[in-house]
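Each remark here refers to the structure printed beneath this line.
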There are 2 protein chains.
Amino acid sequence: MSDARRRPPSSTDVAALAGVSQKTVSRVLNGEPYVTDEVRERVLAAARELGYRRNTAARALHLGRFHRIGVASIGSSLYGPSSLLVALERQARQIGYAFAVAYAGEGAGVTNAVESLLAQGVDALVVSDPIDPIDGGQELRIDPDVPVLSFRPIPGLAGPRVVVTGASGVEAGRQATEHLLGLGHATVWHVAGPHRWPAARDRARGWREALAAAGAAEPPAQEGDWSPASGYAAGQVLAADPRVTAVFVANDDMAIGVLRALAEAGRAVPEEVSVVGMDDIPAAAYLSPPLTTIRQDFEAIARHGLALLAAEIERSPSEHSDPAEPAEPAEPREPAEAGEPREPAGLPPHLVVRRSTAPPAKP
Amino acid sequence: MSDARRRPPSSTDVAALAGVSQKTVSRVLNGEPYVTDEVRERVLAAARELGYRRNTAARALHLGRFHRIGVASIGSSLYGPSSLLVALERQARQIGYAFAVAYAGEGAGVTNAVESLLAQGVDALVVSDPIDPIDGGQELRIDPDVPVLSFRPIPGLAGPRVVVTGASGVEAGRQATEHLLGLGHATVWHVAGPHRWPAARDRARGWREALAAAGAAEPPAQEGDWSPASGYAAGQVLAADPRVTAVFVANDDMAIGVLRALAEAGRAVPEEVSVVGMDDIPAAAYLSPPLTTIRQDFEAIARHGLALLAAEIERSPSEHSDPAEPAEPAEPREPAEAGEPREPAGLPPHLVVRRSTAPPAKP
DNA sequence: GTGAAAGCGCTAACAC
DNA sequence: GTGTTAGCGCTTTCAC
């Protein structure tokens with residue numbers, strides 16, 4: 001006997017070995033009551049012996065829930081998105097969800113990523129760092145039945161089950177700018193991220209708002225692509241302009257490029273020009289000079305966001321076959337308007353002051 | 001009627017709407033033959049109208065395969081691991097697999113991550129950047145029935161279904177060292193990654209072998225933890241030693257710290273000290289000075305590795321219920337020895353020369 | 001060419 | 001306390 005069995009052991013096998021019914025095995029595994037300690041032990045022993053593992057497919061099939069959260073993230077190793085991903089996974093596992101990732105490339109990538117996640121079966125989605133569709137690209141549309149978490153309002157993404165929690169880029173831009181203004185600079189220049197990224201627009205908005213609030217002039221913003229190379233290019237432009245004494249750069253990588261361009265142009269940081277970055281990458285403290293930057297608490301953001309998302313999943317009447325239920329009327333919740341809607345109550349970022357910022361030189 | 005149905009449409013619903021049997025729907029969806037074009041169209045239309053999506057749980061339940069690959073990666077936003085992850089996901093999706101990730105923390109983290117992946121159901125595992133168990137921690141043990149891909153031989157991880165493809169760290173260490181030796185340096189110092197990381201040991205090994213091959217003395221290696229902070233500490237030690245003229249640093253982040261320490265100590269790079277990093281992070285070209293480093297082709301590594309893994313998955317006799325099969329005898333393949341076994345035929349890394357390296361100063 | 005029936009492994013009713 | 005039964009949505013024989 002013992003024909004080379006290839007399929008993993010099932011709960012029936014465990015039941016047979018333990019000499020109980022299959023249902024009892026199920027009870028033990030789910031920690032349900034009404035099982036003798038003695039039987040429980042026997043079942044557990046049998047399961048261990050067989051190397052039994054619950055078949056999640058069967059479970060999901062019956063429950064209609066996958067216990068899996070899908071994350072569409074930008075396909076890059078940028079520090080911010082990667083850190084957020086790690087934090088999200090940790091939190092997801094903590095609250096009992098498996099974690100699927102699909103990276104988006106440029107353009108319609110987010111849509112493809114979301115499609116791929118939906119196809120494999122997830123209970124909810126996290127849209128981590130979407131970028132706007134390129135011209136002609138279709139807008140992100142998600143099945144309204146699937147709960148979605150995003151970290152800022154996403155143009156075109158609305159629906160009854162969309163939850164938003166903030167990694168407030170606006171606040172970050174504001175803090176950076178106010179720090180420089182507070183040091184006495186007449187105004188602050190800005191090297192922005194790509195305009196197609198909502199996160200980049202947020203930071204720029206915070207910068208703009210802080211300038212306006214202080215009555216400072218708004219210089220034209222340079223736009224980069226998050227890379228040191230693009231920061232270097234922007235930095236060359238800024239270095240050539242003697243009026244520039246303070247710069248807020250939308251991420252640390254670009255700030256590295258800016259720092260280098262300033263160094264090459266012989267403009268001392270912070271004596272002649274102050275620079276603030278954003279992200280607080282591990283290298284930030286070891287640049288020349290160590291970089292003043294803005295730091296976000298990704299762990300907190302992930303925890304908060306996934307808690308909301310889990311609640312939204314639970315809200316689903318996944319109780320099936322209750323045909324005579326009170327038929328609550330569709331209940332539309334906050335029909336989000338198009339455009340750039342409400343700012344979510346975000347987790348505040350945090351300014352880390354190092355040596356790249358100082359009061360402006362006395363003329 | 002039309003009771004608020006919460007469950008997504010099933011193939012039965014599609015069948016009903018199209019006026020065919022459920023089986024026919026299945027045929028159409030799987031592209032099987034023996035379906036009239038007319039019926040096919042009708043089914044497709046019905047599916048589209050209902051927003052039908054195949055239930056992967058039911059499919060997996062029947063097939064005994066999940067069409068999902070699980071990746072245990074190190075929980076950090078280090079450039080190397082993140083880049084590899086992105087490449088792996090892209091490739092996995094390309095060949096039709098969903099992608100689950102579990103990050104490992106320190107210590108027994110890898111085991112937990114693997115456990116979590118196995119629990120959720122995956123057809124194969126990728127163990128991306130494992131680190132050795134801390135003292136007393138248990139070794140990584142994986143169900144021998146699950147194909148596993150790793151990028152270098154992992155001590156303690158062996159089994160009939162383990163496939164290894166290389167991101168040859170040894171070769172990288174060799175190249176870096178030979179480059180510096182070739183420039184005329186008497187010997188090369190090394191700032192290694194944490195010894196518990198096999199990847200760090202590989203790079204150190206390449207360094208050591210290149211020194212030995214050239215008959216150069218082997219200075220003591222400094223050990224960092226991949227962070228710029230640890231590179232800075234190591235750099236301070238090196239900067240204080242006048243014999244140091246060339247350093248191979250195991251990753252670019254630490255190299256940033258080394259550069260800073262050298263700068264603070266007034267030791268010019270590359271005039272007095274040459275530095276080679278590894279990873280070619282985007283910032284590498286914009287450091288002061290731009291960093292000579294070693295670059296790996298993660299896309300190629302991922303493609304090659306996943307192709308091997310997919311083949312290993314197929315090799316599985318997932319053809320079930322064929323009790324009278326020729327019962328091929330277990331066929332043990334390369335019983336990998338303990339220790340640090342065979343070096344896999346790896347994808348070669350690639351030296352990128354920038355301005356942080358130069359011949360030694362004439363004394 | 002198409003359909004009917006069985007069963008994958010699990011959980012929820014409902015007996016006993 | 002425990003077992004029996006049914007059924008989740010799909011794919012696979014096997015009829016027709």
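Residue numbers start from 1 in every chain, and the chains themselves are labelled A, B, ... in the order their sequence lines are given, proteins ahead of strands. This one's a predicted model, so the numbers in the text were calculated from it and none came from an experiment. The analysis underlying the following values was restricted to heavy atoms, covering all of them including side chains, and did not include hydrogens, waters or symmetry mates.
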Does the side chain of [X] reach to within under 4.5 Å of the side chain of [Y], using non-hydrogen atoms?
{"X": "Val122(A)", "Y": "Phe66(A)", "answer": "no"}
{"X": "Leu88(B)", "Y": "Phe298(B)", "answer": "no"}
{"X": "Phe99(B)", "Y": "Val71(B)", "answer": "yes"}

What is the separation between atom [atom1] on [X] and atom [atom2] on [N], rounded to the nearest whole Å?
{"X": "Asp13(A)", "N": "dC8(C)", "atom1": "CG", "atom2": "C1'", "answer": "13 Å"}
{"X": "Leu63(A)", "N": "dT11(C)", "atom1": "CG", "atom2": "P", "answer": "7 Å"}
{"X": "Leu61(B)", "N": "dT11(D)", "atom1": "CG", "atom2": "P", "answer": "11 Å"}
{"X": "His67(A)", "N": "dT11(C)", "atom1": "NE2", "atom2": "P", "answer": "10 Å"}
{"X": "Phe66(A)", "N": "dG9(D)", "atom1": "CZ", "atom2": "P", "answer": "11 Å"}
{"X": "Gln120(B)", "N": "dC10(C)", "atom1": "CD", "atom2": "P", "answer": "17 Å"}
{"X": "Arg54(A)", "N": "dT11(C)", "atom1": "CZ", "atom2": "C1'", "answer": "10 Å"}
{"X": "Arg53(A)", "N": "dC10(C)", "atom1": "CZ", "atom2": "P", "answer": "13 Å"}

Check whether any side-chain nitrogen or oxygen of [X] sits under 4.0 Å from OP1 or OP2 of [N], and answer yes or no.
{"X": "Thr24(A)", "N": "dT2(D)", "answer": "no"}
{"X": "Thr36(A)", "N": "dT2(D)", "answer": "yes"}
{"X": "Ser11(A)", "N": "dC10(C)", "answer": "yes"}
{"X": "Asn55(B)", "N": "dC8(D)", "answer": "no"}
{"X": "Tyr34(B)", "N": "dC16(D)", "answer": "no"}

**Request:** Would you mind classifying the nucleic acid contact of Arg27(A) as base, sugar-phosphate or nothing, using non-hydrogen atoms under 4.0 angstrom?
**Result:** base
**Prompt:** Distance-only, no hydrogens or angles: does the Asn30(B) side chain make a donor-acceptor pair with backbone N or O of Arg27(B) under 3.5 Å?
**Reply:** no
**Request:** May I ask you to decide if Ser73(A)'s main-chain N or O and Asp129(A)'s side chain share a donor-acceptor pair within less than 3.5 Å?
**Result:** no
**Asked** Is a donor-acceptor pair below 3.5 Å formed from side chain His62(A) to base dG7(D), judging by atom type as modelled?
**Response** yes
**Request:** For DNA chain D, determine which residues of residues 16-23 of chain B have any heavy atom closer than 4.0 angstrom to one of its atoms, and list them numerically.
**Result:** Gln22(B), Lys23(B)
**Prompt:** Arg59(A) has a side chain; which of dG1(D), dC10(C), dC10(D) sits nearest to it?
**Reply:** dC10(C)
**Fill in**
Considering only heavy side-chain atoms of Val35(B), the closest of dT2(C), dG9(D), dT11(D) is dT2(C)
**Gln22(B) and Thr12(B): side chain donor to acceptor below 3.5 Å** = no
**Complete:** With Gln120(B) as partner, the option from Arg68(A), His67(A), Arg93(A) fulfilling side chain to side chain donor-acceptor pair (under 3.5 Å) is Arg68(A)
